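Proteins get letters first, then strands, A, B, ... in listed order; numbering begins at 1 in each. Not measured: the values here are computed from a predicted model.
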Number of protein chains: 2
Amino acid sequence: MARRLNLEEIGRRAGVSRSTVSRVVNDDPNVSLKTKKRVEAVITETGYRPHAAARSLALNSTDVLGLVIPSAVETLFADPYFGRLIFGISRATNEVQMTLTLFLFGDVPDEESIISRVVSPGLVDGVIVTATTMGDPLIDYLRGAEMPFVVIGRPDDGGPVFSVDVDNRGGARAAALHLANLGRRRMALISAPANTSAGVDRTSGFLDGLAESDLDLEGRIREGDWTEGSGRAAMEELLADQPDAVFAASDRMAVGAMSAIRAAGLRCPEDVGVVSFDGLIAPDQTSPPLTSVVQPVRKVGERAVKLLKAVVDDTVALPECIVFPTELAVGGSCGALPEKVL
Amino acid sequence: MARRLNLEEIGRRAGVSRSTVSRVVNDDPNVSLKTKKRVEAVITETGYRPHAAARSLALNSTDVLGLVIPSAVETLFADPYFGRLIFGISRATNEVQMTLTLFLFGDVPDEESIISRVVSPGLVDGVIVTATTMGDPLIDYLRGAEMPFVVIGRPDDGGPVFSVDVDNRGGARAAALHLANLGRRRMALISAPANTSAGVDRTSGFLDGLAESDLDLEGRIREGDWTEGSGRAAMEELLADQPDAVFAASDRMAVGAMSAIRAAGLRCPEDVGVVSFDGLIAPDQTSPPLTSVVQPVRKVGERAVKLLKAVVDDTVALPECIVFPTELAVGGSCGALPEKVL
DNA sequence: ATGAAAGCGCTAACAG
DNA sequence: CTGTTAGCGCTTTCAT
């Protein structure tokens with residue numbers, strides 16, 4: 001009695017061939033309504049599910065997408081950015097009826113074994129790569145392996161790739177202009193790692209904005225590592241130069257900076273205005289609410305999935321670089337709002 | 001020339017049969033060193049990788065584990081708990097040379113389609129289920145589907161299941177005793193959702209501790225939803241009853257509570273002591289540092305993976321319920337430390 | 001130590 | 001509309 005439940009067996013029970021059952025399962029119109037009903041009855045009754053691996057083998061397509069995050073240290077996951085991104089990507093993957101697999105490789109040396117799994121045929125149809133550092137060999141490796149992929153972020157240099165990014169440079173520039181318009185003159189910068197494209201772009205964008213306002217950092221710059229702790233440490237150092245405003249390249253670092261400002265007995269925004277990048281901190285989570293350059297994290301994830309699917313299905317011609325605009329959301333931390341609103 | 005790269009093709013190039021190549025790939029000792037070298041050379045040269053789906057079909061095993069998170073709303077991902085858990089599980093999965101796939105189903109109605117994918121054969125060998133609510137039909141469904149699974153948390157009622165949990169009750173009890181020992185008398189509770197086992201257990205544990213100290217909540221209890229905002233709102237209400245201490249069932253909610261206390265012009269720990277559950281907030285992220293019941297999130301994830309693998313490999317007999325101890329980490333928020341340390 | 005052949009469960013081209 | 005058949009790429013007896 002304990003026969004394996006496969007097309008053949010379902011067919012046997014319904015009195016048809018396995019092809020017919022396959023047609024029913026795949027909604028092929030070439031099945032009489034009567035037969036279809038009978039087969040469907042057997043399927044529900046037995047709880048039959050097609051064997052995913054067998055189907056993948058026959059179709060040469062898995063309906064699985066991979067999300068690759070190199071340099072996935074634990075602190076990375078403390079940043080709300082990744083939670084949101086994974087959430088958005090997962091949602092979008094479900095929407096296109098696919099499955100998401102996660103490849104995180106941290107400092108451990110399992111890196112090689114993971115990468116070889118990523119590119120092995122029959123496991124995933126394509127991958128989304130994010131959080132790469134500039135010059136990461138992974139990109140070239142994927143290219144060589146003929147594995148379809150989409151990069152979230154700005155691909156550093158070389159050959160054309162499909163990518164989805166946000167306008168980091170424009171957003172950071174807007175932050176600088178905003179602070180300058182509010183009359184801030186001694187600005188400081190807590191930058192993101194210079195080996196990431198977001199880090200580079202946010203820094204150059206902020207400098208763009210300062211230059212347009214005839215301002216200069218005059219050395220008031222410290223590099224953080226995305227964490228709250230690094231933001232706090234950076235701010236502590238910067239305070240020695242008495243800045244009247246600071247731009248932190250991520251929300252988390254801004255939160256750290258604000259706590260350093262407060263700990264130094266200074267007020268935000270009166271003494272030091274703060275603007276950050278991400279827009280992931282709810283207004284009621286900091287006091288005053290953070291003014292931040294909002295990036296559409298979830299949209300980025302969704303778009304990456306759609307783009308990857310198009311690449312996999314080969315329904316897209318040239319490598320596309322999609323860039324989403326960012327938007328400055330004004331809270332109270334920059335000093336733009338009247339006191340009572342804060 | 002563009003032949004598909006498979007065992008046959010590698011064999012052709014190396015002048016051996018596909019069986020021999022298979023043996024080489026799988027480290028079968030029955031291959032002469034000479035042949036082995038030759039075949040390996042061809043493999044490296046061509047960049048051959050075995051086809052995962054084909055292998056899964058032949059072996060009836062995928063080497064893929066699934067992580068299922070029902071009720072995965074976006075706010076859930078703002079909690080550092082899940083980032084840590086996913087990280088730990090991912091690490092452990094890599095360690096056993098397997099791949100992790102993620103099944104998140106939120107409020108969208110793709111739920112059914114995802115569930116059916118979870119249990120379809122040939123996709124994953126087993127799944128880890130977490131963040132379930134009590135009485136979640138998913139558990140019964142998995143049981144019926146013969147899909148090996150391990151629950152993170154306490155399985156509510158029914159049949160025996162494999163599970164990994166932390167001692168929520170004991171940890172919460174310790175929090176109550178600690179506060180009572182410090183002389184706090186009017187305690188309040190910000191509980192976690194009552195439809196989760198962690199919520200229930202932490203509440204009853206805290207009540208245990210109070211009872212042992214001859215104390216009572218006298219109605220000073222509000223239910224939060226794990227978020228910082230809910231913690232703040234709960235605390236605002238509770239302050240009307242002038243508690244001298246509060247236990248928040250999660251770090252995030254405690255952070256919200258602390259901000260409500262400060263906003264009301266009260267001091268922590270002098271006016272209101274705060275103890276939380278999770279131990280995921282770094283000491284320098286709140287002021288004063290949170291006193292918290294630490295749960296070993298990463299260990300839980302790792303243990304769940306190992307247990308699941310054992311279940312899949314059928315190397316474990318009876319359903320095991322593993323419970324990790326928790327530990328109270330004393331910061332300054334409960335008032336246990338002298339002022340200058342804060 | 002190596003090769004031949006069967007089979008994992010599915011799809012799809014072909015025949016009727 | 002339905003059944004037959006030949007693979008998809010791999011593992012695994014069974015010969016040799």
Give the rounded distance in Å between these two atoms: [atom1] of [X] and [atom2] of [N].
{"X": "B/Leu123", "N": "C/dC8", "atom1": "CG", "atom2": "P", "value": "21 Å"}
{"X": "B/Ile10", "N": "C/dG3", "atom1": "CD1", "atom2": "P", "value": "15 Å"}
{"X": "A/Leu33", "N": "D/dC1", "atom1": "CG", "atom2": "P", "value": "10 Å"}
{"X": "B/Arg4", "N": "D/dG9", "atom1": "CZ", "atom2": "C1'", "value": "10 Å"}
{"X": "B/Glu9", "N": "D/dC10", "atom1": "CD", "atom2": "P", "value": "11 Å"}

4.5 Å side-chain heavy-atom contact, B/Leu7 and B/Tyr48: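 They are in contact (side-chain heavy atoms under 4.5 Å apart), so the answer is yes.
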Test item: B/Val16 and B/Arg38 side chains (from C-beta on) under 4.5 Å apart, heavy atoms: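 Counting from C-beta outward, B/Val16 and B/Arg38 do come under 4.5 Å.
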Letter per nucleotide, 5' to 3', of nucleotides 10-16 of chain C [B base touched, S only sugar-phosphate touched, - untouched; heavy atoms, 4.0 Å]: BBBB---
Single hit among A/Lys299, A/Arg298, A/Lys306 for salt bridge (charged side-chain N to carboxylate O under 4.0 Å, His left out) with A/Glu302: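 The residue from A/Lys299, A/Arg298, A/Lys306 that satisfies salt bridge (charged side-chain N to carboxylate O under 4.0 Å, His left out) with A/Glu302 turns out to be A/Arg298.
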For A/Glu8, salt bridge (Lys or Arg N to Asp or Glu O under 4.0 Å) partners two or more places apart: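 Applying salt bridge (Lys or Arg N to Asp or Glu O under 4.0 Å) to A/Glu8 gives A/Arg18.
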Partners passing side-chain hydrogen bond (donor to acceptor under 3.5 Å, both in side chains) against B/Asp313 (at least two apart in sequence or in another chain):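 side-chain hydrogen bond (donor to acceptor under 3.5 Å, both in side chains) list for B/Asp313, sorted by chain: B/Lys309.
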side-chain hydrogen bond (donor to acceptor under 3.5 Å, both in side chains) partners for A/Thr196, two or more places apart: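 Here no residue qualifies.
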Set of side-chain contact (heavy atoms from CB on, under 4.5 Å) partners for B/Ala58, sequence neighbours left out: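 Per chain and number, B/Ala58 pairs via side-chain contact (heavy atoms from CB on, under 4.5 Å) with no residue.
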Axial bend angle, the helix from C/dA1-D/dT16 to C/dG16-D/dC1: five-pair end segments, nearest 10°: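 The end-segment axes of the helix from C/dA1-D/dT16 to C/dG16-D/dC1 are tilted 40° relative to each other.
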B/Arg4/A/Asn60 under side chain to side chain donor-acceptor pair (under 3.5 Å): CA gap, chis, key distance, verdict: CA-CA 12 Å; B/Arg4 255 206 265 342; A/Asn60 193 30; over 6 Å; no
Touch class at under 4.0 angstrom, heavy-atom based, for A/Ser56 against every strand present: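 Result for A/Ser56 = nothing.
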Pair A/Lys36 + A/Asp28, salt bridge at N-O below 4.0 Å: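 Looking at A/Lys36 and A/Asp28, the cut-off is not met.
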B/Asn30 side chain near C/dA1 phosphate (N/O to OP1/OP2, under 4.0 Å):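 B/Asn30 to C/dA1 OP1/OP2: side-chain N or O found under 4.0 Å.
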Which residue lies more 5' along DNA chain D, comparing A/Thr20 with B/Leu57 via nearest heavy atoms: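 This one resolves to A/Thr20.
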